[in-house]
Each structure stands twice: as structure tokens, then as C-alpha cells.
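I have placed the structure first, in the form of C-alpha cells, so that the comments after it can refer back to it.
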Amino acid sequence: MRHLRSRIDATDRLRARIHAVLTFWIAYILTRPLGASTGDLLSQPLADGGLGLGTTGTSMLFLAVILILVIVLTRRAHTADAQLTATV
């Protein structure tokens, strides 16, 4: 019985690792073209159907969005941890 339990645990760990890798690649494949298209839209001149921010402006915009998301999500995580600790 003990041997069977360890075999099931090993199978579950392998399955979870495969799901994590598969999930990563699915997200990567689906979001990469979206990011490229968004970058093209923002950076291309108005005459070519873009918004005319240029590559530097687009990079700065993306950097600002990423920094804001990191700051907001970090603060939310700390707030949730503090609330969880306070209720325990």
C-alpha cells in the first residue's frame, strides 16, 4: 500500500509539472502575437495606421504599464497577507 501511494504521488507531481509547462507554452504562443501586434499599432506612424508613438515611446509606455502592475500587485499581495495574518 505504501509503495502504491508513493507511485501515485510521483505520478501527480509529474502530471502537475507537465501541466505547468504546457500552460506556459500555451500562454506564450497566444500572447506573443498579441503583444507584437499591439507594439506595431502603437509604434507605426499615423499614415500607416498606427498611433505614431515610435519605438521609444512604445517602450516607455510598456515599461510604465509593467511597473504600475508590479507595484499594484505587490501592494495587494502585502495587504492580503497582512489581513490574513491579522485574522489568524
Side-chain angles (χ1 to χ4, degrees):
M1 184 72 168
R2 186 175 179 197
H3 178 67
L4 179 62
R5 185 174 299 154
S6 65
R7 181 185 279 172
I8 291 171
D9 290 341
T11 304
D12 288 343
R13 276 184 263 138
L14 178 63
R15 190 176 296 140
R17 187 174 24 199
I18 290 172
H19 287 302
V21 171
L22 182 63
T23 303
F24 167 80
W25 280 109
I26 289 171
Y28 181 78
I29 289 168
L30 292 177
T31 58
R32 187 167 169 92
L34 179 63
S37 297
T38 303
D40 288 344
L41 172 70
L42 294 172
S43 65
Q44 296 301 312
L46 291 170
D48 293 334
L51 296 179
L53 295 179
T55 54
T56 304
T58 300
S59 295
M60 293 298 179
L61 177 64
F62 283 161
L63 177 64
V65 168
I66 290 169
L67 287 175
I68 289 168
L69 285 172
V70 167
I71 291 167
V72 168
L73 293 175
T74 302
R75 286 187 178 178
R76 281 188 184 173
H78 287 300
T79 303
D81 286 344
Q83 290 174 350
L84 184 61
T85 305
T87 59
V88 172

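All values reported here derive from a predicted model rather than from experimental measurement.
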- Message: Classify the ring geometry of W25 against Y28: parallel below 30°, tilted from 30° to 60°, perpendicular beyond 60°.
- Response: perpendicular
- Decide whether L67 and V72 are clustered together by the hydrophobic rule: side chain heavy atoms of Ile, Leu, Val, Met, Phe, Trp, Tyr closer than 4.5 Å, transitively. no
- Message: Quick check for you: to the nearest 0.5 Å, what is the distance between L73 atom CG and H78 atom NE2?
- Response: 11.0 Å
- Message: Side-chain heavy atoms nearer than 4.5 Å, only ILVMFWY residues, links allowed to pass through others: does that put I68 and I71 together?
- Response: no
- Query: For I66, which fellow cluster members are found when Ile, Leu, Val, Met, Phe, Trp and Tyr are connected by side-chain heavy-atom distances below 4.5 angstrom, either directly or through intermediates?
  - Reply: V70
For residues 37-52, tabulate all N or O donor-acceptor pairs below 3.5 Å that involve a side-chain atom, not counting sequence neighbours.
residue, atom, partner, partner atom, Å
S37, OG, P33, O, 3.0
T38, OG1, L34, O, 2.8
S43, OG, G39, O, 2.8

